[in-house]
2 protein chains.
Amino acid sequence: MAKTRMDSGSMGPFLSRLKNSTRDQLLTLGSEHSFLKGDSVFSSDDPAESVFVLLRGRVKIYDLAEEGKELILWFFQSGDLFGIADMTDTQRGANARACDASLALSIPRERFRDFLEHHPEVSWVVIELLGRRLRTLGDVVQNLATTCVTGRVVKLLQRLDASSFRRPGGASDNSLPLTHQDIADMIGCCRQSVTETLGMLKRTGAIECERQCVRVIDADRLRAALQSPP
Amino acid sequence: MAKTRMDSGSMGPFLSRLKNSTRDQLLTLGSEHSFLKGDSVFSSDDPAESVFVLLRGRVKIYDLAEEGKELILWFFQSGDLFGIADMTDTQRGANARACDASLALSIPRERFRDFLEHHPEVSWVVIELLGRRLRTLGDVVQNLATTCVTGRVVKLLQRLDASSFRRPGGASDNSLPLTHQDIADMIGCCRQSVTETLGMLKRTGAIECERQCVRVIDADRLRAALQSPP
DNA sequence: TTGCGTCTGTCGTCTGGACGACAAAGGAAG
DNA sequence: CTTCCTTTGTCGTCCAGACGACAGACGCAA
């Protein structure tokens, strides 16, 4: 069966907020690009000339520190808008990479802006989207500054478990497709600390783990892990 | 001499981006509120029903960790828009407090949204504003995860020195009105580490300090402090 | 089936910086 | 002018967690 243009199921936090007719018009803008797993979508050296709508797959946004250490800011899934935060600059602020085979629509900045002028309700959707992300990053800053590694792991799992972040194609087992290194890169600690913390959470019965995969099985126990001291 | 409605000089990152006629219309929306230094503007328990435009003074946005430790996410100055990130929620995501005597315009959410529908170019200004903030917080996350305290102090001073962040009323000496505790709360470390770092930067000739006040006097030396190991 | 690369799990050493404590200086309020 | 609170500066102790190293398991590609 041929791959559909978009992943089935959830349309993601951006496209799902649009009316069908508005969405169809948006999808005629710009051009589609396919990416293999591991391909770069853009890098921080690139000019910031367009926004992207992810039609299929998964894309991560990350920074590289000087020693090559990677920090993941976001994972995006199908139906999400990304690259929009760079619209006031000439250059990208971070790197984007496809984590799975992906398909994205690239819309030139002026075309997107013109589209928003003609669809002011979409502007409000974008403002709300950016607002939510700002709050999420605010929480991430707070966690990094004041919370131990175990707390940060638990809060990340809680956040992702509550969101629609899942493996594309809708695997039914509700697991989070993340390696220990992914988690470490998202919460700013080292891989061994994540392995230790996930082991402890597994022993308490809060989560299950498989290779490249974590599943929350008892949200109350996970929450309880925040209360007990390390 | 009576206080003017708005601070003189810079109109801040939001209002300065609007045409005079558009700005005048915006300023007729909502209601003005005065705050004494130290007054709360909103807290995280409050319902999120309006956005704020700061007409005069300084407001900080902060979170409180469980042990009462404060983390400052933003300082806003006159002409800035704040409270906009909470528009998708029913409740505020953080706390806001006046750091100096301040005056703010409170605009109910639906009135602001209606204004944007009639002024789509203002929507784009808001999207750009939120985008810049997202990138700034992304940098903060990166710094917290990967940079030592000295590096985080230096980068904060660089960022604020390059912005229009200054004491309201336009003191001419170009200093940054921050205590050591303010800086510690912004970069997520303890006050004594900031004191030590500022002392070192003073000795190298990069900055000058007075009580509640830091001034960058040699940007090259400040930058050089990032290269040398601690 | 085999080989190789990735991922997970464990361990011991080392260090950046949190933190409490204290003293001194500065400034605002009475 | 005095008092008191805030802010700055210094110091010693303690520990969370980074990190390199290594071993074993898993899965993909040939």
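Hydrogens, waters and symmetry mates are skipped; everything else that's a heavy atom, side chains included, is used. Each chain gets a letter, A, B and so on, in the order its sequence line appears, and its residues count up from 1. Every value quoted in this text rests on a predicted model; they were computed, and no experiment measured them.
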Taking the side chain of B:Gln192 as its heavy atoms from C-beta onward, which of C:dG17, C:dT10, D:dC11 lies nearest to it? D:dC11
Please report, rounded to the nearest Å, how far the C1' atom of D:dT8 is from the CD atom of B:Glu208. 17 Å
Atom CZ of A:Arg152 and atom C1' of D:dG17: how far apart are they, to the nearest Å? 9 Å
Select from A:Lys69 and B:His180 the residue whose nearest nucleotide in DNA chain D is closer to the 5' end of that strand. B:His180
Could you tell me which residues satisfy side chain to side chain contact (heavy atoms under 4.5 Å, CB included) with A:Thr204, sequence neighbours excluded, listed by chain and number? A:Met200, A:Ala206
Any carboxylate oxygen within less than 4.0 angstrom of a Lys/Arg side-chain nitrogen, looking at B:Asp218 and B:Arg223? no
Base, sugar-phosphate alone, or nothing: which one does A:Cys209 contact when heavy atoms must sit under 4.0 Å apart? nothing
Nearest whole angstrom, please: distance from the P of C:dG9 to the CZ of A:Arg211. 10 Å
Roughly, in whole Å, what's the span from CG in B:Leu198 to P in D:dT7? 15 Å
Let me know the distance between CG of A:Leu71 and C1' of D:dA18, rounded to the nearest Å. 16 Å
Between B:Arg191 (CZ) and D:dT6 (C1'), how many Å, whole number? 11 Å
Taking CD in B:Gln158 as the centre, count heavy atoms belonging to other residues, nucleotides or ligands within less than 6.0 Å. Is the count above 12? yes
Test: B:Glu210 and B:Arg215 ion pair at under 4.0 Å: no
The side chain of A:Thr195 lies closest to which of these nucleotides: C:dG17, D:dT10, C:dT8? C:dT8
Taking D:dA18, D:dG9, C:dG9 as options, the one with an atom nearest any side-chain atom of A:Lys202 is C:dG9
Looking at B:Arg133 and B:Glu128, is there a salt bridge between them, counting it only when a charged N and a carboxylate O are closer than 4.0 Å? no
Return the value, rounded to whole Å, for the distance between atom CD of B:Glu196 and atom C1' of D:dT7. 17 Å
Keeping B:Arg58 on the side-chain end and B:Gln77 on the backbone end, is there a donor-acceptor pair under 3.5 Å? no
A:Phe35: what forms a ring pair (Phe, Tyr, Trp, His ring centres under 6.0 Å) with it, not counting sequence neighbours? none
Specify the separation, in whole Å, of atom CG of A:Leu144 and atom P of D:dA18. 11 Å
Return the angle between end axes of the helix from C:dT1-D:dA30 to C:dG30-D:dC1, with five pairs used per end and rounding to 10°. 60°
